[in-house]
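Everything quoted here is computed from the prediction, not taken from an experiment. All residue numbers in this chain count up from 1 along the given sequence.
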Amino acid sequence: MTSVLRSGEQDSTQRRPGRWLALGVLVLAVLLVAVDATVLGLATPYLSEDLQPSGTQLLWIGDAYSFVIAGLLISMGSLGDRIGRKRLLLIGATAFGLVSVLNAYAQTPEMMIAARALLGVAGATLMPSTLALIRNLFQDPRERTLAIGIWSAAASAGMAVGPIVGGLLLEHFWWGSVFLINLPVMALLVVVGIKMLPESRNPSPGPWDLPSVLLSLVGMVGVVYAIKEAAADGFTWPTLAAGLLGGAALYGFVRRQRRLPVPLVDVRLFRNGGFSGAVLANLLTILGLSGLLFFLSQYLQLVQDRRPIEAGIAELPAAVGAVVAGLVAGAAARRFSVRAVVSSGLAVIGLALAALTTISQSTGYPLLGATLLIVGFGAGLSFTVTSDIILTAVPKEQAGAASAVSETAYELGTALGIALLGSVVTNIYQDFTGPAGTPQAAHESLAGAVVAAARMPADAAAALLRAARESFVGGVALAAGVGAALLLVAAVVAWFLLRGQKLSSEPVQH
């Protein structure tokens with residue numbers, strides 16, 4: 001009788017009324033968070049003109065958001081398991097909208113960096129909540145894989161849609177408008193979410209361990225900061241100190257999780273090669289996609305003189321590829337194998353990035369568009385399947401913590417993509433030789449060179465732009481090569497780590 005009741009309850013859960021409409025609300029949240037990770041790329045030239053950040057400040061404006069999200073995701077995912085994922089999602093959505101106003105009206109580079117970091121705090125509450133709620137909304141494995149495919153398509157496509165949204169807004173408004181658009185979207189999410197989303201939490205969560213939260217934050221931010229600074233300026237004592245502090249904090253975090261009766265995240269999961277391989281593939285997939293979109297946004301505008309809306313539409317193939325792949329990835333993984341689909345996704349991203357090593361100032365759009373389409377498709381394949389593996393590796397009561405692991409890989413990949421590949425571009429770019437009278441600000445960033453050229457005589461301005469653009473394109477080509485090498489190696493590693501992994505075909509009982 002108990003098994004019959006359990007089966008009936010499970011069957012009812014699989015057919016929860018309104019689950020697909022609820023998924024639409026969750027997709028709206030993840031889409032907006034993903035858009036915010038890249039929408040700033042198109043606004044960079046305008047923001048640079050107003051706030052006049054240095055090259056380092058500009059990189060921090062670009063990646064502070066992702067760094068903070070990466071540092072807090074595990075903590076926030078575990079908090080959602082404890083206080084309720086719906087509650088955390090609605091609180092985070094409200095905060096996200098309010099903090100967006102601070103971003104829109106920032107007056108200095110330092111204020112902008114701080115506002116982006118605060119937006120990251122709010123964003124960290126949204127991402128794991130959305131994926132964890134999907135885990136509880138969809139118990140049928142095939143429905144769940146499709147739902148995760150739609151979710152991952154939104155997460156990947158949002159990075160490509162960001163430049164389009166930004167382009168439309170920048171055609172008519174000032175750069176702060178790319179943040180104010182968050183307000184009505186988050187208001188809609190809160191109103192609909194209150195009515196449509198079911199609450200779910202861990203019935204026996206244990207305490208929320210504050211020392212673990214602090215260790216996770218310090219560890220993630222310290223390590224990522226060290227990687228970023230080392231890529232840009234080589235190893236210095238402050239960089240080394242930050243890396244050591246971050247590494248020590250992460251070591252302390254892992255040890256503490258192993259000792260706690262109810263940890264924020266069960267680190268023993270990483271002993272499973274399939275789980276670790278899925279997390280690694282997740283991270284490197286997004287590293288390739290985010291790094292590509294970050295420097296191509298600047299290339300299309302500042303090298304090829306495209307208007308913001310033109311540059312945004314030019315990046316649309318990445319969104320198309322991600323959406324298509326997200327919808328077919330689950331079926332492909334069941335028909336062939338998990339490792340075949342994930343390794344193929346990583347390999348095609350790597351090959352597409354390798355094609356960009358031939359980029360020049362006059363590269364035609366067919367090559368750029370095809371590269372974006374292939375990268376988006378590869379990202380959709382890999383990210384959908386790895387997210388499903390990570391999410392179903394734990395009981396549904398711990399869905400928030402598992403989701404946070406997946407999202408930490410996502411946000412860390414975004415941050416590292418911008419930091420590593422962006423730093424390679426910046427490092428090469430800074431060495432160009434400009435005409436006499438070239439200000440130092442022109443060597444900080446290509447946007448700075450465009451601003452400087454506007455204040456110089458015509459001949460000197462043309463010479464400056466020619467040298468700066470040539471140097472920037474050289475940096476993009478080298479960064480594409482570095483990204484290609486990383487992704488191709490990752491494809492091989494994933495093939496071995498994901499051996500024997502399968503997507504579930506039966507409802508998981510807990």
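- Counting heavy atoms from C-beta on, the side chains of Phe253 and Pro263 never come closer than 4.5 Å.
- Closest non-hydrogen pair, Ile150 versus Trp20, comes out as CD1-CZ3, 4.2 Å.
- Put simply, CG on Leu300 and CG on Leu368 are 6.0 Å apart, with the number rounded to the nearest 0.5 Å.
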task: Show your reasoning for whether side chain to side chain contact (heavy atoms under 4.5 Å, CB included) applies to Val254 and Leu250.
output: CA-CA 6 Å; Val254 170; Leu250 288 179; 5.6 Å; no
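- Within the 4.5 Å cutoff, side-chain heavy atoms of Arg339 are placed close to those of Arg499.
- Panel note: side chain Ser382, backbone Leu346; no donor-acceptor pair is recorded below 3.5 Å.
- Side chain of Thr386 to backbone of Ala281: no donor-acceptor contact under 3.5 angstrom is found.
- When atom types are taken as modelled, the side chain of Tyr299 and the backbone of Val473 share no donor-acceptor pair closer than 3.5 angstrom.
- Of all the heavy atoms in Leu126 and Gly92, the pair that sits closest is CD2-C, 3.7 Å.
- No side-chain donor-acceptor contact under 3.5 Å links Thr357 to the backbone of Ala477.
- Using a 4.5 Å heavy-atom cutoff, the side chains of Val213 and Leu217 are not in contact.
- Summarising the geometry of Thr363 relative to Thr358, their closest heavy-atom pair is OG1-O, 4.3 Å, with the distance given to 0.1 Å.
- Going from atom CZ of Phe377 over to atom OG of Ser344 covers 9.5 Å, rounded to the nearest 0.5 Å.
- Rounding to the nearest 0.5 Å places CG of Leu367 at 7.5 Å from CD1 of Ile359.
- Heavy-atom minimum distance, Leu356 versus Ala480: CB-CB, 3.7 Å.
- Partners of Arg306 under the salt bridge (Lys or Arg N to Asp or Glu O under 4.0 Å) rule, at least two apart in sequence or in another chain, do not exist in this structure.
- Contact check for Leu487 versus Val348: no side-chain heavy atoms found under the 4.5 Å cut-off.
- Within the 4.5 Å cutoff, the side chain of Asn182 has heavy atoms near those of the Phe96 side chain.
- The closest side-chain heavy-atom distance from Met186 to Leu189 is below 4.5 Å.
- Counting only heavy atoms from C-beta outward, the side chains of Arg116 and Leu119 approach each other to under 4.5 Å.
- The nearest pair of heavy atoms linking Val375 to Ala352 is CG2-CB, 3.6 Å.
- For the pair Ser276 (side chain) and Phe270 (backbone), a donor-acceptor distance under 3.5 Å is present.
- Not one N or O on the side chain of Ser216 forms a donor-acceptor pair closer than 3.5 Å with the backbone of Ser212.
- Contact check for Leu79 versus Thr125: no side-chain heavy atoms found under the 4.5 Å cut-off.
- Scanning both residues, Ala484 and Gly350, for their nearest heavy atoms gives CB-O, 3.2 Å.
- Atom CG in Leu327 sits 6.5 Å away from atom CG in Leu146 (nearest 0.5 Å).
- Summarising the geometry, atom CG belonging to Leu118 is positioned 11.0 Å from atom OG belonging to Ser100; distances are rounded to the nearest 0.5 Å.
- One N or O on the side chain of Thr384 and one on the backbone of Gly380 form a donor-acceptor pair closer than 3.5 Å.
- Around OH of Tyr251, the count of heavy atoms belonging to other residues, nucleotides or ligands within 6.0 Å does not exceed 12.
- Atom CG of Leu296 and atom CD of Gln304 lie 9.5 Å apart (nearest 0.5 Å).
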